[in-house]
Amino acid sequence: MDRNPGVVVRDVELTSRGWHVLRRTTFDYRRRDGRWETQARETYDRGNGAVVLPYDTARGCVLLTRQFRYPAYVNDHPDGMLVEAAAGLLDADDPVAAVRREAAEELGVTLGPLTHVLDAYMSPGSVTERLHFFAAPYTPADRTGAGGGLEEEGEDIEVLELPFAEALAMTRDGRIADGKTVLLLQWAALDGPFAPAAGVR
């Protein structure tokens, strides 16, 4: 990698190849004052992902999921059951195909036109993942499957159809504590389909 002349990679050590890949990298870094120093960082590489917020402005609601997240559970979440927007890794797909796949598997909804909201690194201090954010309208007729995720992948996902106002309130009182979901709901309220300029009450 030579995109940044102030970073020279010296060594990359594979420390774990489990569900995903953990590496320890030693590199030289040029500080803002011009001095060079050697640093070491661990990076968790799980691939990139995509997330979507399906919304129904006519009925004023959104589709979300609830599922058990062990890492949140061991870090003081009351029961580990997180309310989230549907998301998944890209695997071999492009972001649009991946987000359509995840919406079908997790929510049982067939998405129509997608709006690309943004791309973001959600935990850049240690995780390499870049997440692609989308939103899409849906109607009851678009709910073509049961959702719930893939049992063979250990998924046990509850589909939640919530009034948008309630979902937004849940970000304020802590019932929604997932970063990607908070971001999409805030976008929907400020610039998206439920923004005042959109004319949705």
Side-chain angles (χ1 to χ4, degrees), residues 1-4 7 9 11-25 27 41-55 62-73 80-139 141-160 178-185 187-188 192:
M1 292 184 294
D2 56 5
R3 297 186 305 276
N4 185 341
V7 177
V9 174
D11 182 63
V12 180
E13 176 190 0
L14 178 65
T15 58
S16 175
R17 184 183 290 276
W19 191 19
H20 301 297
V21 178
L22 183 66
R23 296 181 178 90
R24 179 178 176 83
T25 301
F27 58 93
R41 294 289 186 272
E42 289 186 342
T43 55
Y44 186 55
D45 185 352
R46 59 192 304 269
N48 293 325
V51 58
V52 66
L53 178 69
Y55 60 87
V62 292
L63 274 181
L64 299 172
T65 69
R66 178 164 35 221
Q67 61 184 307
F68 180 68
R69 296 297 202 183
Y70 183 75
Y73 185 54
M81 302 298 294
L82 262 61
V83 176
E84 306 176 39
L89 296 177
L90 301 186
D91 295 325
D93 291 329
D94 63 74
V96 168
V99 87
R100 291 186 185 283
R101 179 194 70 223
E102 293 299 326
E105 291 177 0
E106 296 190 3
L107 298 170
V109 65
T110 300
L111 297 178
L114 290 167
T115 297
H116 177 249
V117 177
L118 56 86
D119 297 334
Y121 296 93
M122 299 302 289
S123 189
S126 58
V127 181
T128 62
E129 180 185 28
R130 185 171 71 252
L131 195 58
H132 304 273
F133 288 75
F134 295 91
Y138 80 98
T139 68
D142 298 319
R143 297 189 65 181
T144 54
L150 300 179
E151 186 174 348
E152 61 267 27
E153 294 183 4
E155 294 179 328
D156 180 26
I157 297 171
E158 179 184 0
V159 180
L160 303 177
D178 171 66
K180 63 184 181 295
T181 308
V182 171
L183 195 156
L184 278 171
L185 290 169
W187 167 82

How about [X] and [Y]: do any of their side-chain heavy atoms sit closer than 4.5 Å?
X: Leu14; Y: Val12; result: no
X: Pro54; Y: Leu107; result: yes
X: Leu63; Y: Val109; result: yes
X: Arg100; Y: Leu114; result: yes
X: Gln67; Y: Met81; result: no

Test of understanding: with side-chain hydrogen bond (donor to acceptor under 3.5 Å, both in side chains), list the residues that count as partners of [X], not counting sequence neighbours.
X: Arg143; answer: none
X: His116; answer: Asp119
X: Ser126; answer: none
X: Arg66; answer: Glu158

Set of ring-ring contact (aromatic ring centres under 6.0 Å, His included) partners for Tyr73, sequence neighbours left out: Phe68
field: For Asp142, salt bridge (charged side-chain N to carboxylate O under 4.0 Å, His left out) partners two or more places apart
entry: none
Under 3.5 Å, which donor-acceptor pairs link side chains of residues 89-96 to any protein atom two or more places apart or in another chain?
unit_1 : atom_1 : unit_2 : atom_2 : d
Asp93  : OD2    : Arg101 : NH1    : 2.5
Asp94  : OD1    : Val96  : N      : 3.0
Asp94  : OD1    : Ala97  : N      : 3.0

[X]: partners by side chain to side chain contact (heavy atoms under 4.5 Å, CB included), with sequence neighbours left out:
X: Asp2; value: none
X: Thr115; value: Trp187
X: Ala104; value: none
X: Leu183; value: Leu118, Phe133

statement: Heavy-atom closest pair (Pro137 atom, Pro113 atom, distance to 0.1 Å) is CD-O, 3.3 Å
- prompt: Passes side chain to side chain contact (heavy atoms under 4.5 Å, CB included), Thr181 versus Leu64? Steps please.
  reply: CA-CA 9 Å; Thr181 308; Leu64 299 172; 4.1 Å; yes
message: Run the side chain to side chain contact (heavy atoms under 4.5 Å, CB included) test on Leu131 and Lys180 for me, step by step, so that the C-alpha distance in whole Å, both residues' side-chain angles and the decisive distance to 0.1 Å come before the verdict.
response: CA-CA 9 Å; Leu131 195 58; Lys180 63 184 181 295; 3.8 Å; yes
Do any side-chain atoms of residues 43-53 form donor-acceptor pairs under 3.5 angstrom with protein atoms, and if so which ones, sequence neighbours left out?
unit_1 : atom_1 : unit_2 : atom_2 : d
Asp45  : OD1    : Gly47  : N      : 3.1
Asp45  : OD1    : Thr128 : OG1    : 3.4
Asp45  : OD2    : Arg23  : NH1    : 3.4
Arg46  : NH1    : Glu129 : OE1    : 3.0
Arg46  : NH1    : Glu129 : OE2    : 3.0
Asn48  : OD1    : Arg130 : N      : 2.8

- request: Would you give the length of the straight line joining atom CD of Glu106 to atom CD1 of Ile157, rounded to the nearest 0.5 angstrom?
  value: 3.5 Å
query: Distance from Thr110 atom OG1 to Tyr138 atom OH, nearest 0.5 Å?
result: 13.0 Å
- request: Begin with the C-alpha distance, continue with both residues' side-chain angles, and end with the deciding distance and a verdict on side chain to side chain contact (heavy atoms under 4.5 Å, CB included) for Asp178 and Val83.
  value: CA-CA 7 Å; Asp178 171 66; Val83 176; over 6 Å; no
query: For Val159, does its backbone N or O pair with a side-chain atom of Thr65 as donor and acceptor, under 3.5 Å?
result: no
query: Given the rule in the side chain to side chain contact (heavy atoms under 4.5 Å, CB included) test, do Arg41 and Arg24 qualify, once you have shown the distances and angles that lead to the verdict?
result: CA-CA 6 Å; Arg41 294 289 186 272; Arg24 179 178 176 83; over 6 Å; no
